[in-house]
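This report concerns only the one structure given below.
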Amino acid sequence: MDLNTLLQVLDSTVRLGTPLLLMCLAGLFSERAGIVDIGLEGKALVAAFFSASIAYTTGLVWIGLLAGIAASMVLSMIHGIASITFRGNQLISGVALNFLASGLTVLIAQDWFGQGGRTPSLGDVRFPALTLPFADALRSVPVIGPIYYDLISGHSILVYVAFLCVPLTWWVLYRTRFGLRLRAVGENPAAVDTAGISVVRLRFSAIVIAGVLCGLAGSYLATALQAGFVKEMTAGRGYIALAALIFAKWRPWYALSATMLFGLLQAVALRYQNIDLGGVVIPVQFMNALPYILTIVILAGFVGAANPPRAGGDPYVKER
């Protein structure tokens, strides 16, 4: 494999891993606060639909992005009300949101556009690729030039936002008072409540942050990675992001590595349809299934001990 081919695979890894990274960070905030969020898939799906729909209608991709984030936050608030306010089962609430998003997006898309549950192509109403400073000047420099020009430069702004969210998430969780309280409420909400801090407010704050990140992920899918919305375009990425979160042991930097690993598997599957290993041909179907196989392996517990926040999934009932 030459350098150009390697860079193309890594470039695809970054593009395909970006929505996984955003959804994984969304799940990290939510689960660190003690809220299991199976609904990442549904929130990203509605964000993809509304971002594409509004961007197409208005001709402004930034308005589409705001619409996608708003739609995702609406589902986040529904999940919060069901699981925090009414103390419902968090898993059932998340799965219900996924079903709701799956059916609602297709129904509204068919009603608005009449194209079988998809939006019209956005054309130029998308987030363009950005050329970073000095990329053209350094392009001819051996090794460093191609890496900077082909791998680091040339992505949409949402890709760079996603990568900046990793150190920002680490800083918020481990270097701020809010992050300390958020992690505490996921481990021992009674102790947080005893200190006079609102458990409900903290958990809703985490849900809102998760909604924003899922909104960015869905909007990226529809307005940057692709040029419009199609039925079920998240394709299980929300569940893969949850598996990556477990693989990362609920830590931001590990989440980056885990999601890029899944992105690499998807990139390899897209580029190498059939791989010949000493006369044994690995079919394309197996390559396409690799990310999902890895998800099953991780969830089956073959990656070592991964201890979630102790209060995760348990509704908090204040003592009287």
hydrophobic_cluster_shared for Trp250 and Trp171, side chain cutoff 4.5 Å:
yes
If Ile, Leu, Val, Met, Phe, Trp and Tyr residues are connected whenever their side-chain heavy atoms lie under 4.5 Å apart, and connections chain through other members, are Tyr149 and Tyr160 in the same group?
no
In plain terms, say whether Arg139 and Asp150 are close enough for a salt bridge, that is, a side-chain N and a carboxylate O under 4.0 Å apart.
no
Under 6.0 Å from the CZ atom of Phe99, do we count more than 12 heavy atoms belonging to anything else shown?
no
Side chains of Ile240 and Met23 in contact at under 4.5 Å (non-hydrogen atoms)
no
Is it true that atom CZ of Phe134 has more than 12 heavy atoms of other residues, nucleotides or ligands lying nearer than 6.0 Å?
no
Geometric cation-pi criterion Arg118 and Phe229, 6.0 Å radius, 45° cone
no
Using side-chain contact (heavy atoms from CB on, under 4.5 Å), reason through Ile35 and Ser83 one step at a time and then give a plain yes or no.
CA-CA 8 Å; Ile35 303 297; Ser83 59; 4.2 Å; yes
Is there a donor-acceptor pair closer than 3.5 Å between any side-chain N or O of Thr234 and the backbone N or O of Gly236?
no
What is the distance from atom CG of Leu28 to atom CG of Asp37, rounded to the nearest 0.5 Å?
11.5 Å
With heavy-atom distances below 4.5 Å as the criterion, would you say the side chains of Trp62 and Phe127 are in contact?
yes
Taking Asn98's backbone N and O only, do any of them form a donor-acceptor pair with Glu41's side chain (distance below 3.5 Å, no angle check)?
no
Contact check, side chains of Leu173 and Phe29, non-hydrogen atoms, under 4.5 Å
yes
Are Ile246 and Leu91 connected, step by step, through hydrophobic side chains (Ile, Leu, Val, Met, Phe, Trp, Tyr) whose heavy atoms are closer than 4.5 Å?
no
If you look at every heavy atom in Leu130 and Ser153, which pair is closest and at what distance?
O-OG, 3.5 Å
Using only atom types and a distance under 3.5 Å, with no angle test, would you say the side chain of Arg183 pairs donor to acceptor with the backbone of Arg32?
no
Enclosure of Tyr174 OH (heavy-atom neighbours >12, cutoff 6.0 Å):
yes
Find out whether Leu65 and Ser51 are in side-chain contact, i.e. whether some heavy atom of one side chain is under 4.5 Å from a heavy atom of the other.
no
Flag the pair Ile144 / Leu138 as yes when at least one side-chain heavy-atom distance between them is below 4.5 Å, and no otherwise.
no
Does OH belonging to Tyr254 count more than 12 external heavy atoms closer than 6.0 Å?
no
Atom pair CG/CE of Leu20 and Met260 - distance to nearest 0.5 Å
7.0 Å
Got Leu104 and Phe49 here, is their nearest side-chain heavy-atom distance under 4.5 Å?
no
Given side-chain contact (heavy atoms from CB on, under 4.5 Å), test Phe204 with Met77 step by step and report yes or no.
CA-CA 8 Å; Phe204 266 108; Met77 294 307 294; 3.8 Å; yes
Without swapping roles, check the side chain of Arg87 against the backbone of Tyr316 for a donor-acceptor pair under 3.5 Å.
yes
Spell out, as yes or no, whether a donor-acceptor pair under 3.5 Å connects the side chain of Ser198 to the backbone of Arg201.
yes
Between the side chain of Ser72 and the main-chain N/O of Gly68, is any donor-acceptor distance below 3.5 Å?
no
Checking side-chain contact (heavy atoms from CB on, under 4.5 Å) for the pair Thr13/Gln266: CA distance, chi angles, key distance, verdict?
CA-CA 7 Å; Thr13 297; Gln266 292 179 341; over 6 Å; no
For the residue pair Met73 and Gly211, what are the closest heavy atoms and their distance?
CG-C, 4.0 Å
Hphob cluster co-occupancy, Leu213 + Ile207, side-chain heavy atoms under 4.5 angstrom:
yes
Under the 3.5 angstrom rule, does the side chain of Ser30 hit a backbone N or O of Ala26 as a donor-acceptor pair?
no
Taking every heavy atom of Val185 against every heavy atom of Val192, the minimum-distance pair comes out as N-CG2, 3.7 Å
Should the heavy atoms of other residues, nucleotides or ligands under 6.0 Å from OH of Tyr56 be counted, would the total exceed 12?
no
Does the side chain of Glu31 come within less than 4.5 Å of Leu242's, by heavy atoms?
yes
Looking only at heavy atoms, what is the nearest atom pair of Pro252 and Val166, with distance?
O-CG1, 3.7 Å
Taking C-beta and beyond as the side chain, do Lys231 and Gln110 meet within less than 4.5 Å on heavy atoms?
no
Assess the residue pair Phe113 and Ser53 against the criterion (side-chain contact (heavy atoms from CB on, under 4.5 Å)); give the C-alpha distance rounded to whole Å, side-chain angles, the decisive distance to 0.1 Å, and a yes or no.
CA-CA 9 Å; Phe113 305 108; Ser53 299; 3.5 Å; yes
Sole residue of Leu264, Leu265, Leu270 in side-chain contact (heavy atoms from CB on, under 4.5 Å) with Val268:
Leu264
Are Phe178 and Val212 connected, step by step, through hydrophobic side chains (Ile, Leu, Val, Met, Phe, Trp, Tyr) whose heavy atoms are closer than 4.5 Å?
yes
Distance from Ile54 atom CD1 to Ile63 atom CD1, nearest 0.5 Å?
9.5 Å
Measure across Thr119 and Ala52 and return the closest heavy-atom pair with its distance rounded to 0.1 Å.
OG1-CB, 3.9 Å
Heavy-atom pair with the smallest gap, counting every atom of Met233 and Leu221:
CE-O, 3.6 Å
Is there a donor-acceptor pair closer than 3.5 Å between any side-chain N or O of Tyr220 and the backbone N or O of Arg15?
yes
